[in-house]
2 protein chains.
Amino acid sequence: MHTLSEENYLKCIYRLWQDKGQKITPTAIAESLGNNPASVVDMIRKLTDKQLIVYDKKKGVELTAQGQKDATLIVRRHRLWEVFLLEKLGYHWDEIHDIAEELEHIKDATLADRLDKFLGFPEYDPHGDPIPKANGKMAKRYSTTLADLKPGSQCRVAAVKDTTSAFLQYLIKLNINIGTKIQLIEKISFDSSLVISIDGNERTTVSQKFGESLLIDM
Amino acid sequence: MHTLSEENYLKCIYRLWQDKGQKITPTAIAESLGNNPASVVDMIRKLTDKQLIVYDKKKGVELTAQGQKDATLIVRRHRLWEVFLLEKLGYHWDEIHDIAEELEHIKDATLADRLDKFLGFPEYDPHGDPIPKANGKMAKRYSTTLADLKPGSQCRVAAVKDTTSAFLQYLIKLNINIGTKIQLIEKISFDSSLVISIDGNERTTVSQKFGESLLIDM
DNA sequence: AAATAAAATTAGTCTTGCCTAATTTTATTT
DNA sequence: AAATAAAATTAGGCAAGACTAATTTTATTT
Ligand SMILES: [Mn+2]
Ligand SMILES: [Mn+2]
Ligand SMILES: [Mn+2]
Ligand SMILES: [Mn+2]
């Protein structure tokens, strides 16, 4: 079994790999975890010894098949616990991430599967991220952002790309949730701000950064 | 906040204090946690510095008011999670302790209270131990054992004193649960074995040790 | 009271997971 | 190609929490 730190590194590498599909460097991992690059080098050695990753100076860090499988299960637990916290305990979606960050490390052979069943086998977590099944398969991840939409079109909020409290609380204030319909009315060419209509209501203007943080479905 | 180890020591001291009401020595703590006495001495120093315990060679280890409060909240979390695992996820009562041992350390200001509400404010955990309320108060702990009962009397199983898998699985086999009615038919004077009738069914004989591990209500 | 046994404590070590500072390697500019 | 900047690595250290072995203190026997 893996330690809590090993699991956090694994998950971090998995996320960087999914996000960018780019070369994963020690510096990138360090930045993402808020650790020092020297510490990352230590952990790279440990995970390499455990055959969970392969590190090549040219290609960067890559997960082995085993590492990928293990990382997926941690993500599965994280997202299932998020659903539990939101749906069963009534937390808001800006409060659940940090708690799930701890819950995901609870070790028991059948816990995730029982939780999954208890929750009714949800496909997506409260942020719109797909929940891996026990076999590692998962539903589609959305990749189009509101900023990619062409003016005049309508869309449905599918997921959030940014899960910081600041962003999520802003969404709560704007009354935007997963499933909310948004129409892009105009894109201001000066700074790419977006004029939108939320659920058919009066117009609001949001920044480009905002638009790039919302994943949509058409 | 406390580390995982500090919390485990606190809870251990709390349990020893409730169980025996006796002098709590480093050796007793070491035995209970499966640690070396030298390690216990280290932790006694740390908990003393944090003003959670007072240690006096004559009187042994004692929890301060703060230590007692903190220990109670850990026990609260442990028992609430046990209820969750049994009632919502369908685990058996011999499987929940170890998982709750990890879950009890999840840190969030409102988690225990939300879980408590979600579970319907249970008074007792699946082993019959009272669940402390947020204010530290809790329902009665049972102390009479089946071995204390006088032959001919009837009782209700209120709690288990021993929570090892071996004992709990034996209870499952005997079809004994919290709430089960037991009649003590005879006490064998040779070795204090007990002849009992479970839920009015045919007689069974159990050992003295068994009788001392079942807490009852009359 | 001495002798012996048990319990408590100290001293020193180990592993994990982090750090800083120094150095080496690799990339990017000029 | 040389100079400079950035990234990666090494070396050494620290705190937590455990350990073993040695020693001291306290309790129990004889
Ligand atoms: Mn985590
Ligand atoms: Mn999420
Ligand atoms: Mn625990
Ligand atoms: Mn219990």
Side-chain angles (χ1 to χ4, degrees), chain A residues 1-14 16-17 20 22-63 67 70-71 74 98 101-102 104-107, chain B residues 1-14 16-17 20 22-63 67 70-71 74 98 101-102 104-107:
Chain A
M1 245 326 99
H2 312 313
T3 66
L4 187 142
S5 274
E6 287 168 352
E7 289 194 343
N8 283 335
Y9 272 91
L10 266 189
K11 194 157 62 90
C12 169
I13 293 165
Y14 179 85
L16 291 174
W17 170 62
K20 328 270 170 103
Q22 234 183 310
K23 187 182 161 187
I24 297 166
T25 62
T27 337
I29 297 171
E31 218 156 74
S32 166
L33 288 174
N35 281 351
N36 191 287
S39 313
V40 175
V41 171
D42 284 350
M43 186 57 87
I44 284 177
R45 189 164 303 120
K46 260 180 280 189
L47 295 179
T48 301
D49 289 350
K50 288 184 102 173
Q51 311 206 48
L52 297 169
I53 60 173
V54 174
Y55 178 40
D56 178 278
K57 283 126 279 272
K58 301 281 172 196
K59 294 196 267 173
V61 173
E62 277 175 11
L63 290 166
D70 293 353
I74 303 164
D98 291 347
E101 200 57 49
E102 297 185 47
E104 70 191 0
H105 304 291
I106 303 292
K107 271 153 198 76
Chain B
M1 245 328 98
H2 312 313
T3 66
L4 187 141
S5 274
E6 286 168 353
E7 289 194 343
N8 283 335
Y9 272 92
L10 266 189
K11 193 157 61 87
C12 169
I13 293 165
Y14 179 85
L16 290 174
W17 170 61
K20 329 268 169 103
Q22 235 183 311
K23 187 180 159 188
I24 298 166
T25 62
T27 337
I29 298 171
E31 218 156 72
S32 167
L33 289 174
N35 282 351
N36 191 289
S39 314
V40 175
V41 170
D42 284 350
M43 186 56 87
I44 284 177
R45 188 164 302 120
K46 260 181 279 189
L47 295 178
T48 300
D49 289 350
K50 288 185 103 173
Q51 311 207 47
L52 297 170
I53 60 172
V54 174
Y55 178 41
D56 179 278
K57 283 126 280 272
K58 301 281 170 195
K59 293 196 271 176
V61 174
E62 277 175 10
L63 290 165
D70 294 353
I74 304 164
D98 291 349
E101 199 59 47
E102 296 186 47
E104 69 191 0
H105 304 290
I106 304 291
K107 272 156 196 73

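We name chains A, B, ... by the order of the sequence lines, and we start the count at 1 in each one.
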### Task
Using the closest heavy atom to pick a nucleotide of DNA chain C for each, name whichever of A/Lys58 or A/Asp42 lands nearer the 5' end.
A/Asp42
### Query
Is the shortest distance from a Lys or Arg side-chain nitrogen in B/Glu101 or B/Lys11 to a carboxylate oxygen in the other one below 4.0 Å?
yes
### Summary
Distance col, row B/His2:NE2 vs B/Asp70:CG, nearest 0.5 angstrom, shows 3.5 Å
#### Entry: Between D/dG17 (C1') and B/Leu33 (CG): distance, integer Å
12 Å
### Query
Under a 3.5 Å cut-off for both distances, is C/dA22 Watson-Crick or wobble paired, and to whom?
D/dT9
### Task
Would you mind telling me which of C/dC18, D/dG17, D/dT20 lies closest to the side-chain atoms of A/Tyr9?
C/dC18
### Message
Rounded to whole Å, how long is the line connecting atom CG of B/Leu4 with atom P of D/dA18?
### Response
9 Å
### Message
Suppose we define a pair by two distances each less than 3.5 Å, Watson-Crick or G-U wobble; what does D/dC19 pair with here?
### Response
C/dG12
### Euclidean distance, atom NZ of residue A/Lys46 to atom P of C/dT16 [Å, nearest integer]
6 Å
### Task
Starting from P on D/dA15, measure out to CD on B/Glu6 and report it in whole angstrom.
15 Å
### Summary
Rounded to whole Å, CZ of B/Arg45 lies from C1' of D/dA16 at a distance of 14 Å
### Whole angstrom value for the distance that separates C1' of D/dA16 from CD of B/Glu7
15 Å
### Query
Starting at OH of B/Tyr55 and ending at C1' of D/dT25, how long is that distance when rounded to a whole Å?
11 Å
### Query
What is the distance from CG of A/Asn36 to C1' of C/dA22, rounded to the nearest Å?
13 Å
## Note on the structure
Correct closest heavy-atom pair for B/Lys50 and B/Glu6 would be NZ-OE1, 2.7 Å
#### Entry: Options C/dC19, D/dC19, C/dT16, nucleotide nearest the side-chain atoms of B/Ala38
D/dC19
### Query
Just how far is it from atom CD of B/Gln22 to atom CD1 of B/Ile24, taken to the nearest 0.5 Å?
9.0 Å
#### Entry: Residue closer to the 5' end of DNA chain D, B/Lys23 versus B/Met43 (nearest nucleotide)
B/Met43
### D/dG17 OP1/OP2 closer than 4.0 Å to side-chain N/O of B/Ser39
no
### Identified pairing partner of C/dA2, criterion: Watson-Crick or G-U wobble below 3.5 Å
D/dT29
### Task
Choose from D/dG17, C/dT9, C/dC19 the nucleotide whose nearest atom is closest to any side-chain atom of A/Asn35.
C/dC19
### Query
Counting distance only, does the side-chain N/O of A/Lys107 pair as donor-acceptor with the main-chain N or O of A/His105 below 3.5 Å?
yes
### Message
By the 4.0 Å heavy-atom rule, please label A/Ser5 as base, sugar-phosphate, or nothing.
### Response
sugar-phosphate
